[in-house]
Trainee: 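The structure is given below, and queries will be raised subsequently.
Values reported hereafter were calculated over all heavy atoms of this structure, with side chains retained and with hydrogens, waters and symmetry mates removed. Being a predicted model, the structure only gives us computed values, none of them experimental.
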Amino acid sequence: MSIKDNIYSYFTGKYIEGETDLDRLGTPALLKIFRKNMTDYLSAFHPPRLNKSQERSVRDYYARYSKTDLIYHRVYTDWHGEFHAEYMPDDLYYGKVEPYFCDRLFSKNIDNKCYYPLFFSSAPQPKTYAMRIGGKWLDGNYSFIDMDRLFSIIKEEDEAVLKRATFSQGGHGILFLSGKDKLEKLREAIQDNNADLIIQASVKQHPVFEELHPGSVNTLRFMSLLSKDGVKIFARAVRIGRGNARVDNFSSGGLFCGVTEDGYLMDRAVSGDGRSFRTHPDIGYAFAGKVLPGCDRAEVLIKKAHGIMAHCRIISWDIAIDHKGEALLIEPNLSLGIINAMQACSGPLFGQETRKILEEVFFDKKAKRRRKPFYGLNPRDYYYLRDSLKGMLTGYYQPGYTHIPLLSKPALRRIDKKLIGDVLHLSPELTKSQKKAVQDFYRPYVKKPVQTDTHRILTGRRKKFSLKYIPEDLYMCDIDPFLSNRELAYYMGNKCFYPRLFPKAKQPGALAFRIGGVWLDGDYMPISPKDLALKLFSE
């Protein structure tokens, strides 16, 4: 977690788009950011206060779950134009609801556009020309390529879109490569950016979406919730570009307009600065009554794709509809999806099922006992902190339960020391000259003297002394972290993902998976306990 980013966001209510890792921010810093959006709206538009009856209705609705700040209902009532007690307060959503349904650390590590073709192989996506992962360039089939091959691939295309694969909130890091200077643009982008990148074909959208705002790809934003009963779509909107922008992002001046279940635009759109529009401010057409093709296909895509991301049970999906009417996955927002725009243009986020959602978040299955917080932390952070403290103080870890890749370096060193100490007596002592030779060998690389116990154990076991044995703690705490992203490895190492991550490798057939507490069949679709039992008994 970045202490600098947390302090900056906590005291200012701001973050640096494209640089601040929002998934790493603590809850207080996040809540300050989203609350600032509301206070900015109050300062700019001075909406009327709720009347006494409305205030009582809100407090009664949320009394069972949490104290409610009326600022959110006040803003949404003015912004959307209607009062609803079911509006989801931002602080409640980002502080309690989303952390219950979504593992933000999982999102931070997995949400990399370079992996979308693998994870969401069941979903049509723009063609991938090349990508850079961990500093290495690969083609669309994940085969290594050199720079000459990369430039020859892009040279053959009329237009390509380069995107940052991570930290790309608000359309940050998108570059359109076209024209005679496209290779020079590509060369400069590669030199100026050391992040993971992906280069894809530009989307030729459906004529109806083109009419919404020519020049930008106007995408559907649907929010889905995964449960044991399946995938349900709760909020629907379309993002529409403005001006000369080639992207439709809210933070880039774009609009959000609500969409009904059968694909009709609602009567108003909203912008990031808090304004509402019944007609497009640049083109002039009225939003109400326009029908969008492909919404049903977008829902089918989402329901097929959501299962593998069961660690994030709430996802906001960006879907484009191409010129043939097919739905294309542009991006899943695995956490921290925008809810203010969704509620402002479409109404309450979860509608009539708001209370059902809150009951699951705050109470156990019988709805009698309130879920207890883990000392103010979510369960994941609590267990990781506990494991690190146990390892650091006692050298203890439990195979199969302790999250070894996520332990701190002090904890790893203590555990290594204890494991080595348990077998050290089985090997004879090194001579003084051997110990000195080891220290001399590693002195150019490390500041402190290295431990020679690893050399002692390996010399005893192999009956041969070598300076090139790697001390265990040096490998675990310095070499391996330099060569490997351990957090990413921890999540990618989930065997439930292997069929998608390694599609070209022969593997045993998968009958079912349990991811994030949800059972899925071999195609990552939710499956009931009864159907799962029948499937297993048939084998």
Side-chain angles (χ1 to χ4, degrees), residues 17-19 21 108-205 215-217 219 245-249 252 318 320 322-323 326 328-332 334 482-485 487-489 491-492 497-498 500-505:
E17 200 159 60
E19 294 184 20
D21 186 353
K108 182 263 178 188
N109 284 282
I110 295 297
D111 196 4
N112 183 319
K113 294 178 179 63
C114 294
Y115 301 131
Y116 291 175
L118 294 174
F119 276 119
F120 305 109
S121 57
S122 63
Q125 300 172 52
K127 181 180 179 181
T128 297
Y129 297 133
M131 64 194 80
R132 185 173 69 184
I133 304 177
K136 305 297 182 182
W137 280 100
L138 303 92
D139 63 16
N141 295 316
Y142 294 90
S143 298
F144 290 108
I145 58 174
D146 57 23
M147 296 299 292
D148 290 339
R149 177 58 183 151
L150 169 65
F151 284 105
S152 67
I153 292 173
I154 304 306
K155 184 178 181 180
E156 295 172 0
E157 305 299 330
D158 293 333
E159 182 177 74
V161 183
L162 180 146
K163 308 174 187 177
R164 282 186 57 168
T166 58
F167 301 155
S168 58
Q169 302 100 336
H172 182 86
I174 294 179
L175 176 65
F176 293 89
L177 302 172
S178 61
K180 296 180 180 179
D181 61 343
K182 63 181 177 181
L183 296 184
E184 186 60 32
K185 289 181 181 178
L186 174 59
R187 187 176 289 105
E188 290 178 1
I190 292 172
Q191 291 174 347
D192 295 342
N193 198 325
N194 60 3
D196 287 356
L197 303 171
I198 186 168
I199 305 175
Q200 294 180 307
S202 58
V203 174
K204 184 179 180 182
Q205 63 186 336
S216 64
V217 177
T219 57
R246 293 205 61 182
V247 294
D248 59 0
N249 300 85
S252 300
D318 293 335
D322 72 7
H323 62 291
E326 296 295 331
L328 297 180
L329 173 62
I330 302 300
E331 181 179 17
L334 301 182
F482 176 77
L483 297 173
S484 304
N485 182 330
E487 280 188 357
L488 178 64
Y491 287 105
M492 288 292 199
F497 299 148
Y498 289 0
R500 289 286 174 87
L501 289 176
F502 309 110
K504 297 179 181 179

Trainee: Taking all atoms of both residues into account, what is the closest heavy-atom pair of Tyr142 and Cys114, and its distance?
Mentor: OH-O, 2.6 Å

Trainee: Taking atom OG of Ser152 and atom CG of Leu183, what is their separation to the nearest 0.5 Å?
Mentor: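 Between atom OG of Ser152 and atom CG of Leu183 there are 9.5 Å.
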
Trainee: Heavy-atom distance under 4.5 Å between the side chains of Phe176 and Lys185, does that happen here?
Mentor: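 A side-chain contact is absent here, since even the closest heavy-atom pair is not under 4.5 Å.
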
Trainee: Is Asp111 reaching over with its side chain to a backbone N or O of Thr166, donor-acceptor style, under 3.5 angstrom?
Mentor: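 The answer is no, because no donor-acceptor pair under 3.5 Å joins these two groups.
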
Trainee: Between Met492 and Tyr115, is any pair of side-chain heavy atoms under 4.5 Å apart?
Mentor: yes

Trainee: With the side chain counted from C-beta on, respond yes when Ile199 and Leu150 share a heavy-atom pair under 4.5 Å apart, and no when they do not.
Mentor: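 Yes, close enough: below the 4.5 Å cut-off.
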
Trainee: Please report the interatomic distance CG(Leu162) to CG(Leu177), rounded to the nearest 0.5 Å.
Mentor: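 Rounded to the nearest 0.5 Å, the CG-CG separation comes out at 5.5 Å.
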
Trainee: Taking Gln200 as the fixed residue, which of Lys127, Met131, Lys163 is the one that meets the side chain to side chain contact (heavy atoms under 4.5 Å, CB included) rule?
Mentor: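 Answer after filtering Lys127, Met131, Lys163: Lys163.
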
Trainee: Working to the nearest 0.5 Å, report the span between OG1 of Thr219 and CG of Leu328.
Mentor: 11.5 Å

Trainee: Do Glu159 and Ser202 touch side chain to side chain, with heavy atoms closer than 4.5 Å?
Mentor: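 The answer is yes, as the side chains (C-beta and beyond) meet within the 4.5 Å cut-off.
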
Trainee: Check whether any side-chain heavy atom of Arg187 sits under 4.5 Å from a side-chain heavy atom of Phe151, and report yes or no.
Mentor: yes

Trainee: Give a yes-or-no answer on whether the side chains of Tyr116 and Gln125 include a donor-acceptor pair shorter than 3.5 Å.
Mentor: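 No donor-acceptor contact under 3.5 Å links the two side chains.
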
Trainee: Does any N or O in the side chain of Lys182 come within less than 3.5 Å of the main-chain N or O of Ile154, such that one atom is a donor and the other an acceptor?
Mentor: yes

Trainee: Checking Asp139 side chain against Asn141 main chain: does a donor-acceptor pair fall under 3.5 Å?
Mentor: yes

Trainee: Check the pair Met147 / Ile190 against side-chain contact (heavy atoms from CB on, under 4.5 Å), numbers first and verdict last.
Mentor: CA-CA 11 Å; Met147 296 299 292; Ile190 292 172; 3.8 Å; yes

Trainee: Measure the CG-OH distance between Asn109 and Tyr491 for me, rounded to the nearest 0.5 Å.
Mentor: 6.5 Å

Trainee: Could you point out which residue of Arg132, Lys113, Arg164 forms a side chain to side chain contact (heavy atoms under 4.5 Å, CB included) with Ile198?
Mentor: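 Single pass found, and it is Lys113.
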
Trainee: Check side chain to side chain contact (heavy atoms under 4.5 Å, CB included) between Lys108 and all other residues, then give those that pass, not counting sequence neighbours.
Mentor: Asp21, Asp23, Arg24, Glu487

Trainee: Indicate yes or no: at least one non-hydrogen side-chain atom of Phe119 is less than 4.5 angstrom from one of Leu501.
Mentor: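 Contact flag for Phe119/Leu501 side chains = yes.
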
Trainee: Look up atom CD1 in Ile133 and atom CG in Leu488, then write down how far apart they are to the nearest 0.5 Å.
Mentor: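 Nearest 0.5 Å value for the CD1-CG distance: 9.5 Å.
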
Trainee: OG of Ser143 to CZ of Arg149: how many Å apart, nearest 0.5 Å?
Mentor: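 One finds 10.5 Å between OG of Ser143 and CZ of Arg149.
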
Trainee: Find out whether Ile330 and Val203 are in side-chain contact, i.e. whether some heavy atom of one side chain is under 4.5 Å from a heavy atom of the other.
Mentor: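 Yes, at least one pair of side-chain atoms sits under 4.5 Å.
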
Trainee: Looking at Asp158, I want to see if its CG is surrounded by more than 12 non-hydrogen atoms of other residues, nucleotides or ligands under 6.0 Å.
Mentor: no

Trainee: Using the test side chain to side chain contact (heavy atoms under 4.5 Å, CB included), find all partners of Ser484 that sit at least two apart in sequence or belong to another chain.
Mentor: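 Side chain to side chain contact (heavy atoms under 4.5 Å, CB included) list for Ser484, sorted by chain: Asp480.
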
